[in-house]
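Numbers restart at 1 for each chain; the letters A, B, ... are given by sequence-line order, proteins then strands.
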There are 2 protein chains.
Amino acid sequence: MLDDLDRRLLEILVKDARTSLKELAAQVGLSSPSVSERLRRLEERGVIRAFTVEIDPLALGYTLQAIVRIRPLPGKLHIVQKLIEEIPEFGECDKVTGDDCFVARLFVRSIGDLDGILDRIADKAETSTAIIKAQPIRRRPPPLDATAPRDKAKILQAS
Amino acid sequence: MLDDLDRRLLEILVKDARTSLKELAAQVGLSSPSVSERLRRLEERGVIRAFTVEIDPLALGYTLQAIVRIRPLPGKLHIVQKLIEEIPEFGECDKVTGDDCFVARLFVRSIGDLDGILDRIADKAETSTAIIKAQPIRRRPPPLDATAPRDKAKILQAS
DNA sequence: AGGCGTCGGTCGAGATCGTCAAGCATTTTA
DNA sequence: TAAAATGCTTGACGATCTCGACCGACGCCT
């Protein structure tokens with residue numbers, strides 16, 4: 001479904017999406033039309049979701065990030081979700097199992113901004129906020145190589 | 001520090017980082033060498049952190065994602081952080097204020113994998129895990145336009 | 001076994017794109 | 001006020017991408 005050459009191409013592109021077809025071709029040992037075709041298909045299949053740039057939020061004045069756990073009040077789930085989606089300062093939001101329904105990332109320019117945004121959902125949900133002090137790991141893709149068969153189920157069976 | 005043209009360029013590139021200089025130039029009304037120079041400086045200044053591709057984890061077999069809150073046991077903070085950084089399935093990790101020291105995102109192929117990875121830090125930290133059921137907002141940058149001056153501090157002063 | 005369609009690859013030519021040097025207008029600085 | 005620094009445009013050159021034509025391996029059917 002995704003052969004070794006594909007994985008190598010992805011690995012290179014994750015590091016620099018502007019790598020030329022020629023360069024990609026050289027690194028994996030194909031011709032550039034072949035690489036072009038492979039990329040086209042990776043995109044078509046949705047493996048590559050997008051070519052994009054990563055922007056430093058600080059450069060835009062967003063000096064603060066926070067992780068917010070959100071528990072909508074009974075009956076307010078959909079309204080809360082819609083609200084979150086419409087507030088552009090939410091840079092990420094996951095719907096999760098457990099007491100907290102949503103876990104979201106917030107980019108703000110100041111503590112005042114943070115307060116202002118949380119106020120907008122305060123009457124529809126309980127929130128708990130954690131300010132981000134450092135980012136030991138910034139967004140990175142999972143391992144591309146097909147290793148990591150450390151499935152615990154097998155270990156359990158074995159014992 | 002970042003003028004309107006820069007912001008428009010970024011906005012286009014976030015949507016498609018492969019947009020040609022010619023196309024960018026046409027859309028903002030400059031010549032391509034000018035655009036090239038602007039991009040060069042945006043990169044140099046660190047505003048653009050990287051050109052990259054966004055990969056669908058599902059395409060790589062990672063059918064499960066989880067948000068893990070991690071509270072290292074006394075004295076184990078650094079060991080835990082190092083461990084997290086070294087486990088490639090952690091796709092993101094923030095160090096935050098509050099009881100939970102770290103909040104991390106985990107990409108796994110199965111529940112068994114999840115268990116296996118959590119076991120590796122179980123003796124050094126308390127963890128609480130939430131499985132991701134849906135992603136209402138996938139990673140997106142904060143608003144590029146300089147609006148959003150909804151600073152609560154001012155509102156407080158006004159009242 | 002032989003023929004045939006498909007898939008994924010190469011090659012080469014033409015079109016497109018990026019980069020460089022030169023030059024110009026505007027603003028800042030001395 | 002003159003000089004220097006910015007930031008832009010233009011045009012030409014070199015590199016890159018894309019398209020069509022062609023080729024070989026593989027699987028399938030008769």
Original post:
If you draw a 6.0 Å radius around NZ in B:K82, do more than 12 non-hydrogen atoms from other residues or ligands fall strictly inside?
Top reply: no

**OP:** Please report, rounded to the nearest Å, how far the C1' atom of D:dC8 is from the CZ atom of B:R40.
**Re:** 15 Å

**OP:** Heavy atoms of chain B, cut-off under 4.0 Å: which first and last nucleotide of DNA chain C, 5' to 3', fall inside that, if you could look?
**Re:** C:dC17 to C:dC20

Original post:
Are B:F102 and B:P72 close enough that some pair of their side-chain heavy atoms sits under 4.5 Å apart?
Top reply: yes

**OP:** For the pair B:S32 (side chain) and B:L21 (backbone), establish whether a donor and an acceptor sit closer than 3.5 Å, ignoring hydrogens and angles.
**Re:** no

Subject >> Under 4.0 Å protein heavy-atom contact, by nucleotide of nucleotides 12-20 of chain D - B base, S sugar-phosphate only >> reply: ----SSSB-

Original post:
With a 4.5 Å heavy-atom cut-off, do A:I137 and B:I84 have their side chains touching?
Top reply: yes

Original post:
Taking the side chain from B:T52 and the backbone from A:V14, do they hold a donor-acceptor pair closer than 3.5 Å?
Top reply: yes

**OP:** Side-chain contact test, heavy atoms from C-beta onward, threshold under 4.5 Å: evaluate it for A:L10 versus A:I48 and give yes or no.
**Re:** yes

Original post:
Quick check: are there more than 12 heavy atoms from other residues, nucleotides or ligands sitting under 6.0 Å from NZ of A:K133?
Top reply: yes

Original post:
Without hydrogens or angle criteria, can the side chains of A:R8 and A:Q27 be said to hold a donor-acceptor pair below 3.5 Å?
Top reply: no

